[in-house]
**Student:** 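Quick one: the structure is below, questions incoming.
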Amino acid sequence: MMQTQYPAARPVHRVSAVKPILTGAGIALSLIVVFLLGVNNADPAWGKYWMIRPLLIVPLAGAGGGLFYYLMDRWRPRFGWNRIVVIIVSVIAYIIGLWIGTILGLDGTYWN
């Protein structure tokens, strides 16, 4: 009897999931650092350590986007249009997650 493997039946390997998670977090961290380096005179009402919040939340959102990209790998065939569609959906989801993370990280300080 022939057994078929369904895409959702593959196990999640923690070691292989680390690479896209760290890549997503690294991209997000570099973008928020470049954005925050442009702040010359911070508002004293923001507090002394106002940059900690965006430097934590935005890379977490990027790591979530990297995890989403890894999880979408199950539905990404090796060739064809489905592969392109899954990659485009993954990139759009990463950008939306990064945007929401940036808003949450900068809320109350840079964006009132």
**Student:** Below 3.5 Å, can you tabulate the donor-acceptor pairs from side chains in residues 86-93 to any protein atom, sequence neighbours excluded?
**Tutor:**
from	atom 1	to	atom 2	distance (Å)
Ser90	OG	Val86	O	2.9

**Student:** Give a yes or no on whether Tyr69 and Met72 share a hydrophobic cluster (residues Ile, Leu, Val, Met, Phe, Trp, Tyr; joining criterion: side-chain heavy atoms under 4.5 Å apart).
**Tutor:**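 In one cluster with Tyr69: Met72, no.
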**Student:** Quick check on the hydrophobic clustering: are Trp99 and Leu106 connected, directly or via other members, by side-chain heavy-atom contacts under 4.5 Å?
**Tutor:**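 Yes: a chain of side-chain contacts under 4.5 Å links Trp99 to Leu106.
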**Student:** Please report the interatomic distance CG(Asp73) to CZ(Arg83), rounded to the nearest 0.5 Å.
**Tutor:**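 Spacing of CG (Asp73) from CZ (Arg83) equals 8.5 Å.
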**Student:** With side chains defined as the heavy atoms from C-beta onward, is the minimum distance between Ser16 and Tyr70 less than 4.5 Å?
**Tutor:**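 Ser16 reaches Tyr70 side chain to side chain.
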**Student:** Anything under 3.5 Å between a donor and an acceptor, one on a side chain of residues 24-37, the other on a protein residue two or more places apart or in another chain? List them.
**Tutor:**
from	atom 1	to	atom 2	distance (Å)
Ser30	OG	Gly26	O	3.2
Ser30	OG	Ile27	O	2.8

**Student:** Identify all side-chain donor-acceptor contacts of residues 48-63 below 3.5 Å with residues at least two apart in sequence or on another chain.
**Tutor:**
from	atom 1	to	atom 2	distance (Å)
Arg53	NE	Leu104	O	3.3
Arg53	NH1	Asp107	O	3.1
Arg53	NH2	Leu104	O	2.9

